Amino acid sequence: MSPADLLAALGRRGWTIATAESLTGGRVVATLVEVPGASAVVRGGIVAYATDVKHSQLKVDADLLASAGPVDPAVAWQMAEGARSQLGADVGLATTGVAGPDPQDGKPVGTVHIAVVTPVSTSVSSLELTGTREQIRAETVRRVLELCAEDIANAG
């Protein structure tokens, strides 16, 4: 499903969307707003690149960040939920991970966690991607939009 098709599917449901991004640095929301008419569905995005911003802006639990670090499936889920609540959207997407060139907090390059929270479902996916920094970031954008499309299609 293309970004335009995803936004159309959200629009048919009357749902809005918001993003919380770390390793993708705003690319998910940028991909969505490239679609003409995106403003009818896209509420906005929060780039929470620094760990403390994940807590202060997205309300990710500080104890979770301290114990698990920022690259964790539960962090991705809380980021997606934070995007929903902070930006007043129906659907929240999140990306967190290590794009490289170096490992981070003991996590190898290519470790990525994505999450989608809708009014009727929550999906979290852990990925082990390969390639350059650019390839990992691009594939993360593709995968989180794909996961969102699947959740919207399965929402009934």
Side-chain angles (χ1 to χ4, degrees), residues 1-99 105 107 111-127 129 136-156:
M1 180 180 295
S2 72
D5 292 338
L6 172 60
L7 294 179
L10 287 164
R12 284 191 295 276
R13 291 188 178 281
W15 288 354
T16 57
I17 191 168
T19 68
E21 302 181 61
S22 187
L23 84 149
T24 49
R27 288 181 177 204
V28 176
V29 75
T31 298
L32 293 174
V33 301
E34 286 176 3
V35 177
S39 61
V41 177
V42 178
R43 296 280 301 157
I46 296 172
V47 176
Y49 210 64
T51 300
D52 64 300
V53 176
K54 290 171 179 66
H55 172 68
S56 66
Q57 300 302 307
L58 295 168
K59 310 306 179 201
V60 175
D61 183 73
D63 291 336
L64 173 63
L65 289 166
S67 64
V71 180
D72 183 82
V75 171
W77 169 75
Q78 288 190 15
M79 287 173 65
E81 187 56 50
R84 278 182 80 208
S85 64
Q86 295 299 101
L87 296 172
D90 300 295
V91 176
L93 307 184
T95 65
T96 188
V98 183
D105 297 326
K107 307 285 173 62
T111 302
V112 174
H113 305 287
I114 58 176
V116 176
V117 178
T118 78
V120 297
S121 65
T122 297
S123 296
V124 179
S125 183
S126 296
L127 311 171
L129 303 177
I136 290 168
R137 294 175 77 209
E139 183 64 8
T140 300
V141 171
R142 189 186 75 73
R143 295 278 194 101
V144 76
L145 292 176
E146 180 180 87
L147 183 63
C148 184
E150 290 170 7
D151 281 10
I152 301 305
N154 293 329

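These figures come from a predicted structure and were not determined experimentally.
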Self-check item: For the student: nearest non-hydrogen atoms of Ala48 and Leu58, plus distance
Solution: CB-CD1, 3.6 Å
Quiz prompt | Shortest non-hydrogen contact from Asp72 toward Gly69 | solution =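 Between these two residues, the closest heavy atoms are CB-O, 3.9 Å.
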Under the 3.5 angstrom rule, does the side chain of [X] hit a backbone N or O of [Y] as a donor-acceptor pair?
X      : Y      : answer
Thr96  : Pro70  : yes
Thr16  : Asp90  : yes
Gln78  : Asp61  : yes
Glu21  : Gly26  : yes
Arg27  : Arg137 : no
Gln57  : Ile46  : no
Thr111 : Lys107 : no

Quiz item: Do Lys54 and Ser22 have side-chain N/O donor and acceptor atoms under 3.5 Å apart?
Solution: yes
Exercise. Would you kindly say whether Ser126 and His113 are connected by a side-chain donor-acceptor distance under 3.5 Å?
Key: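 Side-chain D/A pair, Ser126 to His113: present.
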Quiz item: Among Val35, Val28, Val141, Val33, which one satisfies side-chain contact (heavy atoms from CB on, under 4.5 Å) with Pro3?
Solution: Val35
Do [X] and [Y] have side-chain heavy atoms sitting under 4.5 Å apart?
X      : Y      : result
Leu65  : Val75  : yes
Val98  : Val112 : no
Val41  : Trp15  : no
Arg143 : Leu127 : yes
Val117 : Val91  : no

Listed pairs under 3.5 Å, donor-acceptor, residues 144-152 side chains, sequence neighbours left out:
| from | atom 1 | to | atom 2 | distance (Å) |
| --- | --- | --- | --- | --- |
| Glu146 | OE2 | Arg142 | NH1 | 3.0 |
| Asp151 | OD1 | Ser123 | OG | 2.9 |
| Asp151 | OD2 | Ser123 | OG | 2.8 |

Practice problem: Can you sort out the partners of Thr95 under side chain to side chain donor-acceptor pair (under 3.5 Å), two or more places apart, ordered by chain and number? | Solution: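 Once residues adjacent in sequence are excluded, the partners of Thr95 under the side chain to side chain donor-acceptor pair (under 3.5 Å) criterion are Thr24.
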Exercise. Could you list the residues that satisfy salt bridge (Lys or Arg N to Asp or Glu O under 4.0 Å) with Arg43, not counting sequence neighbours?
Key: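 Checked Arg43 against salt bridge (Lys or Arg N to Asp or Glu O under 4.0 Å); zero matches.
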Practice problem: Any chance you could measure Arg12, atom CZ, to Leu7, atom CG, to the nearest 0.5 Å? | Solution: 10.5 Å
Quiz item: About how many Å separate CG of Leu64 and NE2 of His55, when rounded to the nearest 0.5 Å?
Solution: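 Spacing of NE2 (His55) from CG (Leu64) equals 11.5 Å.
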Quiz item: How far apart are the C-alpha atoms of Leu23 and Ile136, what are their side-chain angles, what is the distance that settles it, and do they pass the side-chain contact (heavy atoms from CB on, under 4.5 Å) test?
Solution: CA-CA 9 Å; Leu23 84 149; Ile136 290 168; 4.1 Å; yes
